[in-house]
Structures are given as C-alpha cells and as structure tokens.
Amino acid sequence: MPELPEVETVRSVLAREVITKKIKLVHVTDGRAVRRHKNAKDFRDELEGRTIKSVERLGKNIVVGLDSGRHLVIHLGMTGQVLRAKNAKEPKPKHTHVVITFTSGEELRYVDQRTFGELYVSTPPAEGEEVEVSKFARLSIGGDGLELRRQVPELAHLGIDPFEDQVGWDRFAAVLRSRTLALKTLLTDQDIVSGIGNIYADEILFSAGLMYDRVSESLSTIEIRRLHRTIPEVLTEAIKHGGTTLSDEMFVNPDGEMGTYQELLQVHTREGLPCYQCRSPVAKVVFHQRATYFCAKCQG
DNA sequence: CAAAATTCCTGACTGC
DNA sequence: TGCAGTCAGGAATTTT
C-alpha cells in the first residue's frame, strides 16, 4: 500500500533525522525481513559501525547511503513501517522485525504486520562491471535515477521513476506504444513505471480521464500527453499531503503521523459515492485480482 | 518472449 | 461465541 508518495514521505523524514548518525547496534527479531541475506548476522555486520550519508528513493524503495559505499535498501511492501524512537525504553509495537540503534541512543524500528516488505544491504558492482539498467529507465535524459541504479544493482530493473528519471512525453509515447497492456497494468508494472500502485493508478487514470482497461497502444497523442502530465501532478499533490492513510491506518511516517491525501481521493475507496466531476456514482470492479475504482462517465 | 495467475503473510470482517 | 472462509495487495515466481 505504501506507494511513491508514502515512500517519499518516509524518505524526507529520514533524510532530516538520520543523516550523519552512526549505527551502533542492529537487532533482527524476524529473519524474514532480511531474507536476501544468508543470515541476520550478515545483515547486522553490514550496518554496525556505519554512518548514514544520504537517504534517497527510487520507485517504492528507500535507499540509505552508508559510509562503506554500500546502500541499505528498505521496501515497505504492503504494511511495512519505519518508526523513530527516542530510546530503547519506548515500547516496541507488535511485528517489530528489525531495530537499528544509533550511537545517540535513538532507534529506528522496522515494523511489518504481513512481512511482504524487506531490508537488505546492497553491494555496488565491482570496478568496470556493467549493470544492465532497464530499457525504459534508459530513456531518461537526466535526474538521479540512472546513477542510483548503477550503485544498487537490485534496483536496475526498475522502470521510469516519475521524479528521479526525466522522460519527455514523446519517449513516454514510445513506451506506451511498445506494449499492449491495459493502462492500469502498465502503470503498476514496476519494470515499466516505478512507484505507482493500486491507489495512485486509479487516481491518475481518473485525473487523466482514461479508463483503466484502455490498451496502452490505442492512446491518441493528446491522451498520452495528458497521462504523462497527470502522473507527476497527482503524485506531487499526494506528497504535499504526506501520503494516503486508508482506514486500516497502516501508513504512518517515521514520527507516527498519518497522511491526509485520503481526504482528496477522487475515486479510490469511493464506490457508490458521487463523482466530484459529474455526480454519477463511482464504480468498483475487480481487475486482475485488484480492486479498481473509476467513473465510467468521466473516464473513456 | 509477453501476459496472466499464483504465492507469500496477518488481521479484519462475514456468515452460519 | 466460535470458527471456517474471504479479502486486502507488492512483487517474485510460476504457468499459460
């Protein structure tokens, strides 16, 4: 459920709070959260004694730069949370899987009810070793995305990040015309466009006036330009509001604060309620085993 | 090769 | 009240 705006909200709090801090201890209490590592000790050894240099984001991944030259990657999956604590005395929530303690005594806790999320430390490629970056990301003419993919090979497969990669509408048109996928499937495929999930796909398609099952190659130039423009517009607005916290209250930032963009959702979770544009009821269908909300009158 | 289905997981909720 | 069944969905994996 955390998508680009929620991950960006977490990133910006972490960037403010943990850069220059030194990691003293790492406790893993559920090995599934660090499953890419051969064991929890291997993960711990990569972090203890390291200082945090940067906190970036690519798609739905938080990328924490370490003074070792390696990167701690955090993916929140469906229900993952990164929570700050002043000290070890603050009670640990249920499903706390990893605790990172800084030399200051402050902690970062990784909490994840469903354990779809994960943390791992990525090793950059050896000198002269080439990283195969996804062909869609290679369309970018700027931004930090390409360099980040080269530093973190596990993320090299990610498609266009709406903020970290710069891809103009004409190249975006080539992406759409190269596939025959439904628009929602394309927008949520992380290997094509990274960062968009079920909520924002519905919201972006509503704002662009496009039906979720329109085949990507069928769009007119005007429709492509509208979609290309709408993606960053919707995501930027959601970031301004600290992301979306649905009624399950699963998303909170590291300070435990909920987002407010749920109040601004146009269609997602609004089944049967009047469309803000035309007053006809918002519809819900299951599309590729995912709940999909839309206005049949406003989206074509 | 692409596209669709399956799988992982826990808690909330539904119906009997 | 209990309990089996269902649903939520990101992304790696498997199947078509």
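First the proteins, then the strands, lettered A, B, ... as listed; each starts at 1.
Not counting sequence neighbours, A:S68 has no partner by the side chain to side chain donor-acceptor pair (under 3.5 Å) test. A:R109 pairs by the side chain to side chain donor-acceptor pair (under 3.5 Å) definition with A:E107, not counting sequence neighbours. Remark: A:H37 pairs with A:F43 by the ring-ring contact (aromatic ring centres under 6.0 Å, His included) rule, at least two apart or across chains. For A:D30, the side chain to side chain donor-acceptor pair (under 3.5 Å) partners are A:R32, not counting sequence neighbours. Legend: residues meeting ring-ring contact (aromatic ring centres under 6.0 Å, His included) with A:Y276, ordered by chain and number and at least two apart, are absent.
Rounded to whole Å, the distance from CG on A:D189 to P on B:dA4 is 11 Å. Following rounding to the nearest Å, A:Q113 (CD) and B:dG11 (C1') show an atom-to-atom distance of 5 Å. Rounded to a whole Å, the CD atom of A:Q289 is 12 Å from the C1' atom of B:dA3. Here the P atom of nucleotide B:dG11 and the CG atom of A:D112 are 11 Å apart, to the nearest Å. To the nearest angstrom, C1' of B:dA5 lies 14 Å from CZ of A:F287. C:dA8 atom P lies 13 Å from atom CG of A:D202, rounded to whole Å. Here the C1' atom of nucleotide B:dG11 and the CE atom of A:M250 are 8 Å apart, to the nearest Å.
A donor-acceptor pair under 3.5 Å is formed between the side chain of A:E223 and the backbone N or O of A:S220.
Of the two residues contacting DNA chain B, namely A:K94 and A:H288, the nearest-nucleotide position lying further toward the 5' end is that of A:H288.
The shortest distance between the side-chain N/O atoms of A:H95 and the OP1/OP2 oxygens of B:dG11 is below 4.0 Å. In terms of phosphate contacts, A:T180 brings a side-chain nitrogen or oxygen within less than 4.0 Å of OP1 or OP2 of B:dA3. Residue A:K284 places at least one side-chain N or O closer than 4.0 Å to OP1 or OP2 of C:dA8.
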Pairs of donor and acceptor atoms involving the side chains of residues 228-244 of chain A, under 3.5 Å and at least two apart or interchain, shall be tabulated with distances.
residue	atom	partner	partner atom	Å
A:H228	NE2	A:V167	O	2.7
A:T230	OG1	A:R226	O	2.6
A:T236	OG1	A:P232	O	2.6
A:T244	OG1	A:Y200	OH	2.7

Distance-only criterion, 3.5 Å: show the donor-acceptor pairs between side-chain atoms of residues 179-189 of chain A and protein atoms not counting sequence neighbours.
residue	atom	partner	partner atom	Å
A:K184	NZ	A:N198	OD1	2.6
A:K184	NZ	A:D202	OD1	2.8
A:K184	NZ	A:A291	O	3.2
A:K184	NZ	A:T292	OG1	2.9
A:T188	OG1	A:K184	O	2.8
A:T188	OG1	A:T185	O	3.4
A:D189	OD1	A:D191	N	2.9

For residues 119-135 of chain A, tabulate all N or O donor-acceptor pairs below 3.5 Å that involve a side-chain atom, not counting sequence neighbours.
residue	atom	partner	partner atom	Å
A:S122	OG	A:E154	OE1	2.6
A:S134	OG	A:A137	N	3.1
A:S134	OG	A:L158	O	2.9

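Closest of all the heavy-atom pairs between A:G117 and A:Y110 is CA-OH, 3.3 Å.
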>> Within the 4.0 Å limit for protein heavy atoms, which parts of nucleotides 10-16 of chain C are touched? Write it as a string from 5' to 3', B for base, S for sugar-phosphate only, - for none.
In response: BB-----
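Candidate nucleotides B:dC9, B:dA3, B:dA5 were compared by shortest atom distance to the side chain of A:R114, and B:dC9 ranks first. Of all nucleotides listed (B:dA3, B:dC9, B:dG11), B:dC9 comes nearest to the side chain of A:R32.
Surrounding CE of A:M211 are more than 12 heavy atoms belonging to other residues, nucleotides or ligands, all under 6.0 Å away.
Nucleic acid contact for A:L181: sugar-phosphate only, since backbone atoms but no base atoms lie under 4.0 Å from a heavy atom of the residue. Within 4.0 Å of A:T185, counting heavy atoms only, lies no atom of the nucleic acid at all.
For DNA chain C, the stems formed by at least three consecutive Watson-Crick or G-U pairs, with both atom-pair distances below 3.5 Å, span B:2-16 with C:2-16.
Of all the residues in residues 236-243 of chain A, not one reaches under 4.0 Å from DNA chain B with any non-hydrogen atom.
Sequence neighbours left out, not one pair with a member in residues 81-102 of chain A passes ring pair (Phe, Tyr, Trp, His ring centres under 6.0 Å).
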